[in-house]
Amino acid sequence: MTDPQDEPRKGEPPTTPADSVAAWRRMADGAVLLDGFHALKHALRFGAGVPVAVAADKAAALALADELAPDVRDRLAGLLTEVPQETYASLVPRPHPTAVAALAVRPSRAGNLERLTRTPRTAPVVVLDQPRNLGNAGAVIRLAAGFGATGVVTTGTLDPWHPTVVRGGAGLHFATAVERLTVDELPAGPLFALDPEGEDIRSLKLPDDALLAFGSERTGLTPELRARADHLVALPMRPQVSSYNLATSVAMTLYHWSAFGGAPA
């Protein structure tokens, strides 16, 4: 029988492998999986609550922090528990090369909605209209965070907090507001939808309070989103080239917005 004095105190990270694994099993279903060193690093930088984190080689993880993230090194030293490689691998769907993983508290929907709907907005909201590819959605969230976008909204069935999306976003979900909404629930603001038949983006200035909407990788914009759009916008593209990757389209559009003086600060 476990001595209660050996149990981690409430609010403190577990410090033994057994305690860490027990805490992980208890919280896994409702928490956000941070898969790899970089996801954990970014989550900590942007204020995520991280109740448990493990590493197969804590010394190697801290050496990586010394090199790439000295700003969070001390927090990692107090948070990470070293567990055997087999134990680490049993906790994650696919082991990461850095052999680091953690669980984070998902931001509240109410808090994200408040951020998305707050006016005046100083940076656009990216809208992914019924995306299909989890990795592409993660890459878009990473881009949006880097450009300082207000948030990323998805419509349709894809869960933007799916572990594969979080992995693709390198933990930067915590640097922006990420939610799934219907078209009717989209925040207020002029909606610029990317479409090959739209006006050349180079002739436009995208306002800071814009919604920037991108159709799915295969089928483009849905009729509902198209009907909601205030402007159709096209990216420059050589004839006979059919399309850009979704993340590339988002990057080009956010860069065009930022070139007129938008964030990052």
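The main-chain N or O of Phe37 is found under 3.5 Å from a side-chain atom of Thr98 such that the two form a donor-acceptor pair. Proximity of a side-chain donor or acceptor of Ser203 to a complementary backbone N or O of Asp200 within less than 3.5 Å is detected. The backbone N or O of Gly169 lies less than 3.5 Å from no partner atom in the side chain of His42, so there is not a single donor-acceptor pair. A donor-acceptor pair under 3.5 Å is formed between the side chain of Lys58 and the backbone N or O of Ala77.
Under the salt bridge (charged side-chain N to carboxylate O under 4.0 Å, His left out) criterion, Arg94 pairs with no residue at all, not counting sequence neighbours. With sequence neighbours excluded, no residue forms a salt bridge (charged side-chain N to carboxylate O under 4.0 Å, His left out) with Glu185. For Asp159, the salt bridge (charged side-chain N to carboxylate O under 4.0 Å, His left out) criterion is met by no residue, not counting sequence neighbours. Considering only residues two or more places apart in sequence or on other chains, Arg75 meets the salt bridge (charged side-chain N to carboxylate O under 4.0 Å, His left out) condition with none of them.
Nearest heavy atoms, Val105 versus Pro51: CG2-CD, 4.3 Å. Here the closest heavy-atom approach between residue His173 and residue Pro160 is recorded as NE2-O, 2.7 Å. Nearest heavy atom pair, residue Arg115 against residue Ala175, reads NH2-O, 4.0 Å. Across every non-hydrogen atom of Pro163 and Leu33, the tightest pair is CB-CD2, 4.2 Å. Asn245 and Ala247 get closest at one heavy-atom pair: OD1-N, 2.8 Å. Taking both residues in full, the closest heavy atoms of Pro17 and Glu82 are given as CG-O, 3.4 Å, listed atom of the first, atom of the second, then distance.
Within the 4.5 Å cutoff, the side chain of Tyr88 has heavy atoms near those of the His96 side chain. With a 4.5 Å cut-off on side-chain heavy atoms, Phe174 and Leu34 count as touching. The closest side-chain heavy-atom distance from Ser249 to Leu194 is not below 4.5 Å. At least one side-chain heavy atom of Trp161 sits under 4.5 Å from a side-chain heavy atom of Pro107. Between Leu76 and Arg73, the closest side-chain pair of non-hydrogen atoms is not below 4.5 Å. For the pair Leu181/Arg109, a side-chain contact is recorded, criterion being any heavy-atom separation below 4.5 Å from C-beta on. Between Pro187 and Thr150, every side-chain heavy-atom pair lies at or beyond the 4.5 Å cut-off. Residues Thr253 and Leu235 have side chains in contact (heavy-atom distance under 4.5 Å, counting atoms from C-beta outward).
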Carefully, step by step, assess Leu116 and Arg121 under the rule side chain to side chain contact (heavy atoms under 4.5 Å, CB included). CA-CA 8 Å; Leu116 290 166; Arg121 269 198 307 272; over 6 Å; no
Is there a side chain to side chain contact (heavy atoms under 4.5 Å, CB included) between Glu197 and Leu232 once you walk through the steps? CA-CA 7 Å; Glu197 303 304 317; Leu232 295 180; 5.6 Å; no
Trace of the side-chain hydrogen bond (donor to acceptor under 3.5 Å, both in side chains) decision for Thr16 with Asp19: CA-CA 5 Å; Thr16 69; Asp19 286 341; 3.2 Å; yes
Just do the side chain to side chain contact (heavy atoms under 4.5 Å, CB included) check on Leu68 and His38 with the steps written out, would you? CA-CA 9 Å; Leu68 302 176; His38 300 290; 3.7 Å; yes
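Note on Leu172 and Leu44: same hydrophobic cluster, where clusters join Ile, Leu, Val, Met, Phe, Trp and Tyr whose side-chain heavy atoms are under 4.5 Å apart, directly or indirectly. No path of Ile, Leu, Val, Met, Phe, Trp and Tyr side chains, each step under 4.5 Å between heavy atoms, connects Leu206 with Val153, placing them in separate hydrophobic clusters. Hydrophobic clustering (ILVMFWY, side-chain heavy atoms < 4.5 Å, transitive): Met252 and Leu191 are in distinct clusters. No continuous path of ILVMFWY side-chain contacts below 4.5 Å connects Ile201 to Leu225, so the two sit in separate hydrophobic clusters. Cluster membership check: Val92 shares its hydrophobic cluster with Val52, using side-chain heavy-atom separations under 4.5 Å among Ile, Leu, Val, Met, Phe, Trp and Tyr.
Checked for salt-bridge contact, Glu114 and Arg118 meet the test: a charged N lies under 4.0 Å from a carboxylate O.
With rounding to the nearest 0.5 Å, the separation of CG in Leu62 from CD in Glu67 is 13.0 Å. The distance from the CZ atom of Phe192 to the CZ atom of Phe214 is 12.0 Å, given to the nearest 0.5 Å.
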Hey, can you pull the donor-acceptor pairs under 3.5 Å for the side chains in residues 127-141, sequence neighbours left out?
from, atom 1, to, atom 2, distance (Å)
Asp129, OD1, Thr155, OG1, 2.9
Asp129, OD1, Thr222, OG1, 3.3
Asp129, OD2, Thr222, N, 2.7
Asp129, OD2, Thr222, OG1, 2.8
Arg132, NH1, Gln130, O, 2.9
Asn133, OD1, Gly135, N, 3.0
Asn133, OD1, Asn136, N, 2.8
Asn136, ND2, Glu217, OE2, 3.4

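Within the structure, salt bridge (Lys or Arg N to Asp or Glu O under 4.0 Å) pairs that include any residue of residues 146-156 do not occur (at least two apart or interchain).
The only member of Leu254, Val250, Val126 that meets side-chain contact (heavy atoms from CB on, under 4.5 Å) when paired with Phe147 is Leu254.
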